[in-house]
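These notes concern the structure reproduced below.
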Amino acid sequence: MKVLITNIKELVQVRNKGENLVAGNAMKALPTIKNAYLLIDNDRIANYGIMNECSNITYDQIIDVSGKLVLPTWCDSHSHIVYAGNREQEFVDRINGLSYEEIANRGGGILNSAKMLELTDEDELFNQSIKRVKEVIKMGTGILEIKSGYGLSLESELKMLRVIKRIKTAVPIMIKATFLGAHALPFNFKNKRTAYIDHIINDMLPLIHRENLADFIDVFCEKGYFNLEDTARLLIAGKEYGLLPKIHVNQFNAFGGVALAVKHGALSVDHLEELNAADINALKGSKTIPVALPSCSFFLGIPYTPARSLMDAGLPLALATDYNPGSTPSGNMNFVVSTACIKMKMTPEEAINAATINGAYAMGCAQDYGSISIGKKANLIITKNIPSYNYLPYAFGENHIEQVLINGRIFN
Ligand SMILES: [Zn+2]
């Protein structure tokens with residue numbers, strides 16, 4: 001099955017195969033082809049070029065997209081999209097003056113989600129979650145990482161990871177699973193942090209490995225949650241089961257978590273709202289990519305990740321949603337890109353690079369996703385009639401997507 005897309009006003013994020021990460025100053029450039037065509041062969045990009053050269057091409061189906069842009073689908077490398085219920089009451093509590101930490105101390109926050117998840121059976125959890133996954137695909141997400149971490153018990157963590165596995169087979173996009181057993185300390189391990197980490201390492205990890213339920217391991221490395229020593233133990237244990245680290249770090253405090261993650265070969269360090277010079281130095285020359293989550297900053301009213309400092313230091317940056325019921329009840333990558341431009345002073349080029357190719361890198365999938373490159377998966381956004389790609393972040397809050405193609409097929 002060959003699909004030919006013609007009269008593309010601008011084909012965005014065109015890269016040679018093998019170009020799988022953009023860092024520092026290079027993020028300012030977003031390669032495009034104006035008045036272009038693109039040929040899909042089954043599920044992959046087979047060719048592209050300027051319309052003048054679009055002749056003698058055989059195809060089974062043609063899509064004329066005059067006036068519209070085509071770009072790779074968004075790559076959302078950080079989400080907690082599998083959860084039970086919602087936490088809109090805490091949203092109201094926060095409006096009325098309580099902080100994230102105060103709500104957590106009252107038994108709200110992550111532990112509230114854990115309680116609801118425990119009471120929700122696997123089918124119901126799947127039904128609630130798949131609905132959200134389909135919604136984000138329609139908003140242009142073509143590869144998605146999903147974390148566990150609202151289980152906090154062997155049974156519930158396995159339930160979450162099994163739901164993620166079911167989602168993998170229920171939608172055509174690539175899903176990557178991350179085990180986040182160390183998201184918070186459950187009630188029954190109060191003041192017994194070390195015992196909980198022992199439980200994760202000795203009881204949870206072997207079963208997760210046996211059922212092949214996770215690709216990555218994550219830890220909420222933060223004051224009041226898990227410290228550097230806990231984090232190191234978990235990352236080492238995860239690696240023994242082949243799970244690369246992707247960790248939550250520097251959301252509220254900077255205390256050496258970034259350097260620790262780099263030392264343990266983390267694929268990504270996520271959040272980084274609080275960042276110091278030592279953190280930036282630790283990232284230089286490493287393969288670890290920083291990931292910013294601007295919708296979380298927007299929702300909580302906390303500082304934004306200092307994107308300019310990271311990029312000015314020559315580092316790459318990825319953008320992701322952090323979709324979760326507590327601090328970011330939104331999986332809209334279009335909003336993330338807008339917010340990065342508006343609040344983090346990223347240019348549209350930088351933000352689109354961060355939300356596509358660098359997001360794919362942050363999931364270890366850039367060889368197949370994140371750019372318009374021959375041989376990569378044909379996961380594409382076809383926009384509505386818009387003047388330029390700058391319009392995407394500029395006219396925020398509007399849906400500029402007309403169609404999403406996943407593996408070369410229109411997703412409805
Ligand atoms: Zn998160």
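All ligand and atom numbering here is 1-based and tracks the order in the structure.
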* To do: Among Asn379, Asn332, Asn334, Thr356, find the one that has a side-chain hydrogen bond (donor to acceptor under 3.5 Å, both in side chains) with Trp74.
  => Asn334

* **Test side-chain hydrogen bond (donor to acceptor under 3.5 Å, both in side chains) applied to Thr178 and His80, Lys147, Glu145, the passing residue** => Glu145

* Asked: In terms of side-chain geometry, is the basic nitrogen of Asp368 or Lys377 positioned less than 4.0 Å from the acidic oxygen of its partner?
  -> no

* May I ask you to decide whether Arg409 forms a salt bridge with Asp43, counting only side-chain N to carboxylate O separations under 4.0 Å? => no

* **Crowding at OH, Tyr48 (>12 non-hydrogen neighbours, <6.0 Å)** => yes

* Asked: What are the protein N, O or S atoms, given as residue plus atom name, that sit under 2.8 Å from the Zn ion (ligand 1)?
  -> His78 NE2, His80 NE2, His248 NE2, Asp322 OD1

* Is there a side-chain contact between Gln403 and Ile410, using heavy atoms and a 4.5 Å cut-off? -> yes

